[in-house]
Amino acid sequence: MPDEQPQRRPGGGETFPAVAFALAIVAVIGFVAVYFGSADTQALGIFAFVCLMGIGVGMATWAKRFLSPAEPEVEDRGRLASTEEEIAAFHADFDAGEYQLERRSLLGKLLVGAVAATGLGALVPFLSLGPNPKSSFKETPWSPGARVVDEQGNPVAATSINTDGILTVFPEGQVGDEFAQTLLIGVRSEAFVPASGRESWTVDGVAAFSKVCTHAGCPVGLYQAAQGLLLCPCHQSTFDINNAAEPIFGPAAVPLPQLPLSVDADGNLVADGSLSAPPGPGFWNQNRQ
Amino acid sequence: MTATDATEPGTGPADDTSTDVAPAHRHPKAHQRAGRLGRWIDSRTGIARVGRGALNKVFPNHWSFLLGEIALYSFVVLLLTGIYLTLFFDADSTGMTTYDGSYGPMQGVQVSEAYNSALEISFDVKGGLLVRQIHHWAALVFVGAIVLHLCRVFFTGAFRRPRELNWVVGCTLFMLAVVNGFAGYSLLDDQLSGTGLRIGYSVLISIPVIGPWLGSLIFGGNFPGDDVIARLYPIHILVVPLLIIAMLTVHLTVLIRHKHTHFPGKGARDDNVVGERLWPTYVFKAGALFFCVFGALALLGGIAQINPVWLYGPFRAEDVSSASQPDWYMGWLEGALRLMPGWETRIAGFTIPNPFYAGVVPAAIVFGGLYAWPWIERRVTKDHAEHHVLDRPRDVPWRTAIGVGVLAFTGVLGFAGSDDVLVVTFGLSVNQAVWFFRVALFALPVISGFVAYRLCIELQRRDGPPPLPTVPVPDTETDGSAGTQDPALVGDAGGGQRHDGSDPADA
């Protein structure tokens with residue numbers, strides 16, 4: 001058999017790539033038809049797949065059957081580095097120019113200095129991209145007397161938070177603010193141990209803690225009421241609400257700041273001060289305790 | 001149109017040596033027309049001189065050499081689909097609008113223009129979802145192919161002299177690909193990408209001294225910042241792609257200058273290249289691979305849902321969904337953030353926050369180690385020679401062991417980045433999972449590195465004493481065409497070594 005193969009009929013082996021290329025053309029027609037019809041994503045994708053794969057597989061088969069050399073081709077790699085003579089010639093030409101420059105060495109140094117200074121100066125306008133972060137970073141968004149409002153901007157009555165219940169709130173006028181978001185939690189009075197100096201910060205069993213994780217700033221929104229644990233869904237930092245929101249697991253290193261609460265004349269919650277610490281993730285000159 | 005197509009049976013093989021003249025006899029008119037255009041161009045560029053060298057350039061043949069090509073073709077697909085998407089996308093995260101497109105569950109919801117245009121592309125632009133999903137899949141495959149290509153280069157020692165520069169360029173391309181992937185999926189202003197940006201912001205400001213400034217300059221103030229999406233857009237569609245194209249140009253130019261590496265066997269030496277010529281064999285194989293990659297991505301984009309932002313909802317600062325998962329190449333950084341115990345440094349009123357140790361330091365070590373590897377290895381091996389024949393991974397067991405260990409380390413981090421999903425899937429507690437991964441992070445690299453080392457030694461032992469007599473290079477080029485070969489021509493083609501090692505020239 002092997003001896004007879006050179007006499008195989010003309011066109012032998014062309015069938016498969018021919019069918020593949022023909023399929024590609026048919027698939028283009030299908031693609032266009034679907035586009036003007038339902039524009040169904042799956043159908044478009046499948047027709048695009050058949051078209052592109054038809055071309056690809058056809059080319060691969062063609063290459064494999066008719067374009068592959070029986071024996072590997074060999075090419076000389078040649079020399080990569082320059083010869084010693086070429087390097088010497090380069091040095092000679094370069095030094096000739098350098099000699100002329102060295103006679104004006106002060107000019108040369110000044111030129112380098114001018115270009116470097118220009119480059120540094122060109123960086124300055126990039127400071128327009130953002131404000132100096134210094135002050136805004138250390139402010140807490142709550143101030144004494146700020147009304148506590150929910151995500152719709154409505155005031156919140158202390159009695160509307162049941163034991164084990166939670167509600168996301170903001171200072172009035174800052175609904176949706178990243179660093180102002182705060183969580184009201186209906187704590188279990190028998191388990192909740194206020195930190196010293198914060199005995200009066202809760203109202204009717206409702207405590208308020210910053211909702212911004214002290215690790216990477218995600219909203220700490222998963223409350224396991226039975227254990228009094230607040231869990232961050234991003235990196236699983238776990239805060240013990242019953243113990244001043246101290247971190248007990250995960251990467252967070254500092255507790256969630258607490259907000260002192262009181263009620264106004266209408267029985268609605270207001271802030272009785274600012275947060276016990278700046279909220280949110282840490283940075284180098286944030287004097288964390 | 002090729003020589004073999006139109007030839008009489010039996011004369012086909014002879015055409016290999018006469019392609020320069022043969023087509024002229026067959027298609028005189030077409031050839032003359034092409035010839036006139038060619039001469040017009042050549043008389044102004046001298047292209048024929050350069051072009052002939054290119055036509056005869058030899059490409060070694062091994063499946064693992066295709067990984068870098070897959071990355072390249074994914075990038076081409078990214079450019080093509082990305083240009084289409086820019087025609088519809090609106091990178092405005094501050095302007096709000098009420099969604100009134102054809103996706104029912106979102107109708108009436110206040111969304112940003114950016115999110116609105118993402119939904120419009122997905123539901124109301126014909127073919128838009130297909131292109132968007134091909135684009136996202138192409139990004140995942142792009143980074144994946146880069147990582148596999150990098151592994152191939154590492155484990156075969158292809159980074160050794162003279163290719164250290166191209167290794168550095170390649171590492172830069174890897175970083176640029178990751179950065180642009182993250183920038184890309186952050187544009188859509190959905191809940192998932194907003195969470196990713198927020199974590200990115202927190203890691204950024206954790207950098208001592210310059211961190212808060214960097215955060216402010218990039219986001220235009222504190223997170224979420226009004227400007228970040230409007231800024232990421234030109235970065236994603238212009239700045240980084242231009243850098244990638246520039247780096248790719250360097251990468252490929254240096255590659256052509258160096259010529260390809262090749263595996264030992266088939267007569268491969270440090271002073272030659274053994275493989276197939278560019279024209280026509282390699283052109284057809286490379287073209288075929290491009291269309292196959294594009295086709296596979298089109299299929300994924302058509303039938304495999306990816307990044308369904310309409311399910312995540314628009315970004316709101318006070319919301320976060322559990323089981324938020326970044327794209328795969330960010331997973332190891334996410335995992336590092338999760339596994340880090342709650343430690344940070346506080347000295348005299350200054351803080352080095354936890355995300356710096358978990359997010360910045362590991363990335364710096366991994367990428368710094370990658371960049372420096374050719375020089376680290378040279379300090380150990382004292383090997384300053386040029387290498388064009390590749391190592392097989394088994395032949396350098398300690399390098400293979402280190403590579404496997406680093407892969408295990410980043411792999412554990414990657415899985416740890418999905419620990420909440422794994423916890424739900426397997427009914428564990430989060431704490432158990434985190435502790436499991438913390439132990440595995442240090443144990444698994446050591447164990448897998450040791451196993452890899454022993455495997456290499458064992459494989460070497462089975463090979464017998466060097467020089468290695470047999471070579472595991474796939475023998476694809478002779479399969480299809482052997483039948484049409486004139487037996488008389490087989491023996492003296494090209495001076496290549498025959499696969500049984502009995503080439504008389506080398507004996």
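Since we're looking at a predicted model, the values are computed, not measured. Quick note: numbers below take in every heavy atom, side chains included, and nothing from hydrogens, waters or symmetry partners. Per chain, numbering begins at 1; letters A, B, ... match sequence-line order.
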Give the member of [options] that has the highest number of heavy-atom pairs under 4.5 Å with chain A.
options                                : answer
B:Gly220, B:Gly335, B:Pro162, B:Ala358 : B:Gly220
B:Asn56, B:Ile207, B:Leu299, B:Leu130  : B:Leu299
B:Val283, B:Asp270, B:Leu300, B:Ile134 : B:Asp270
B:Val430, B:Val131, B:Thr281, B:Asn431 : B:Asn431
B:Ile303, B:Leu289, B:Ile218           : B:Ile303
B:Met340, B:Arg277, B:Glu318           : B:Glu318

Counting only non-hydrogen atoms closer than 4.5 Å, does [X] touch chain B with its backbone (N, CA, C, O), its side chain (CB onward), both, or neither?
X        : value
A:Gln181 : side chain
A:Thr168 : side chain
A:Tyr35  : both
A:Gln236 : side chain
A:Ala60  : both
A:Phe170 : side chain
A:Leu127 : both

Under 4.5 Å from any heavy atom of chain A, what part of [X] do you find: side chain, backbone, both or neither?
X        : value
B:Val293 : neither
B:Ile352 : neither
B:Arg316 : side chain
B:Trp435 : side chain
B:Arg231 : side chain
B:Ala304 : neither
B:Glu334 : both
B:Trp213 : both

Between [X] and [Y], is any pair of side-chain heavy atoms under 4.5 Å apart?
X        : Y        : answer
A:Val220 : A:Leu183 : no
A:His215 : B:Glu344 : no
A:Pro281 : A:Thr214 : no
B:Phe223 : B:Leu197 : yes
A:Phe209 : A:Pro257 : no

TODO: Would you kindly say whether the two SG atoms, from A:Cys232 and from A:Cys218, are closer than 2.5 Å?
DONE: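 Disulfide absent: SG-SG distance not under 2.5 Å.
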
TODO: Verify salt bridge (charged side-chain N to carboxylate O under 4.0 Å, His left out) between B:Arg338 and B:Asp419, making sure each step is shown before the conclusion.
DONE: CA-CA 9 Å; B:Arg338 291 183 183 202; B:Asp419 61 0; 2.6 Å; yes

Relative to chain B, which of [options] shows the most heavy atom pairs under 4.5 Å?
options                              : result
A:Leu44, A:Ile55, A:Thr61            : A:Ile55
A:Ala39, A:Gly217, A:Pro251          : A:Pro251
A:Ala63, A:Ala48, A:Gly221, A:Cys234 : A:Cys234
A:Lys211, A:Met59, A:Glu75, A:Met53  : A:Glu75

Task: Partner set under ring pair (Phe, Tyr, Trp, His ring centres under 6.0 Å) for B:His258, not counting sequence neighbours - done: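 Partners of B:His258 under the ring pair (Phe, Tyr, Trp, His ring centres under 6.0 Å) test: none.
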
Task: B:Phe59 six-ring face occupied by B:Lys57 cation (under 6.0 Å, within 45°) - done: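 The answer is yes; both the distance and angle limits are met.
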
Task: Set of side-chain hydrogen bond (donor to acceptor under 3.5 Å, both in side chains) partners for B:Thr345, sequence neighbours left out - done: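 Residues passing side-chain hydrogen bond (donor to acceptor under 3.5 Å, both in side chains) with B:Thr345: B:Tyr357.
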
Open item on the list: Show the nearest heavy-atom pair for residues A:Leu230 and A:Leu256, with the distance to one decimal.
Closed with: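 Shortest heavy-atom separation between A:Leu230 and A:Leu256 comes out as CD2-CD1, 3.7 Å.
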
Task: For B:His262 against B:Asn272, the heavy-atom pair lying closest together - done: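 The answer is CE1-O, 2.7 Å.
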
Task: B:Val389 and B:Thr261: CA distance, side-chain angles, deciding distance, side-chain contact (heavy atoms from CB on, under 4.5 Å) verdict - done: CA-CA 6 Å; B:Val389 176; B:Thr261 53; over 6 Å; no

Open item on the list: If only side-chain N and O atoms count, and only distance matters, is there a donor-acceptor pair under 3.5 Å linking B:Arg161 with B:His388?
Closed with: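 No, no side-chain donor-acceptor contact under 3.5 Å.
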
TODO: Under the salt bridge (charged side-chain N to carboxylate O under 4.0 Å, His left out) rule, what do B:Lys285 and B:Glu276 come out as? Steps first, then yes or no, please.
DONE: CA-CA 10 Å; B:Lys285 288 190 171 178; B:Glu276 298 168 341; 3.0 Å; yes

